[in-house]
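Working notes, structure below.
All of these numbers come straight from a predicted model, not from anything done at the bench. If you read the sequence from its start, that first residue is 1, and numbering goes on from there.
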Amino acid sequence: FEIIKRPKTPRKSHATIPLLHEFSVKHTQLYREVSNESLLCYWPLPGYVAGNVMPNALAYILTKGAGAMLTNQLVKKHKIAHAVSAQVVAWVHGGIFCLKITPAKGKVRACRKMVGQVLTDFCKCGVTKTQLATLRKAMALHAYHRMWNLKKFTSAWLNKYQATGNEFEL
């Protein structure tokens, strides 16, 4: 084996790499015409309680995964909505649970009626074993992703610290 000799003149590459001055796209839209109706349902929540995962679990069971009760009924089965999502916002002294539904044209009343029906059935029957198993896996995966992503971890940590005053709560 010998030492690889360095060429006297550097080799020039024929490939060009464009230099990007901005590494992110920033887009602010102040006004946009929205042609779809939206149905928003809000419920008040009590203040933040350490370890209370029920509102987030309810949001997942109703709108995400294979057993999503509202999504399956409104979007897949009856086709009276285009999308269903849920959001939980918990502050120190209170919070909100929000369902956002994008109904099909002229189907707002049908969506409202179906939401009431699904929630009534949910209160009567509760959660199935399959839904509970799916929820456990989703929560574990969410915790893993939150720990893996420094931005998500820091955001969750700061939110919990502001709500509880305990820097070890996560």
K124 side chain reached by T120 side chain, heavy atoms, under 4.5 Å
yes
Atom pair CD (Q117) and CZ (R112), whose distance is rounded to the nearest 0.5 Å
15.5 Å
Please tabulate, for the side chains in residues 96-109, all donor-acceptor contacts under 3.5 angstrom to protein atoms that are two or more places apart in sequence or on a different chain.
none

I80 versus C111, closest heavy-atom pair with distance:
O-SG, 3.3 Å
Look at the side chain of K79 and the backbone N and O of K76, then say whether any donor-acceptor pair between them is shorter than 3.5 Å.
yes
To the nearest 0.5 Å, tell me how far L135 CG sits from K64 NZ.
11.0 Å
Check against side chain to side chain contact (heavy atoms under 4.5 Å, CB included), V84 and V115
CA-CA 11 Å; V84 179; V115 166; over 6 Å; no
Audit row: W43, L119, side chain to side chain contact (heavy atoms under 4.5 Å, CB included) steps and yes/no
CA-CA 13 Å; W43 290 271; L119 292 178; 3.8 Å; yes
Can you check whether L150's main-chain N or O pairs, donor with acceptor, with T154's side chain at less than 3.5 Å?
yes
For H145 and L141, what are the C-alpha separation, side-chain angles and deciding distance, and is it a side chain to side chain contact (heavy atoms under 4.5 Å, CB included)?
CA-CA 6 Å; H145 282 288; L141 185 64; 3.5 Å; yes
T128: which residues meet the side chain to side chain donor-acceptor pair (under 3.5 Å) condition with it, sequence neighbours left out?
Q131
Could you walk me through whether K77 and N72 pass side chain to side chain contact (heavy atoms under 4.5 Å, CB included), step by step?
CA-CA 6 Å; K77 186 175 180 184; N72 287 343; 6.0 Å; no
List the residues meeting side chain to side chain donor-acceptor pair (under 3.5 Å) with H78, not counting sequence neighbours, and say none if there are none.
Q73
Check each of V127, N56, L70 against I61 using the side chain to side chain contact (heavy atoms under 4.5 Å, CB included) test, and report the only one that passes.
V127
Please check if Y161 and V89 belong to a single hydrophobic cluster, counting links between Ile, Leu, Val, Met, Phe, Trp and Tyr side chain heavy atoms closer than 4.5 Å.
no
Roughly how far, to the nearest 0.5 Å, is the OH atom of Y60 from the CZ atom of R136?
13.0 Å
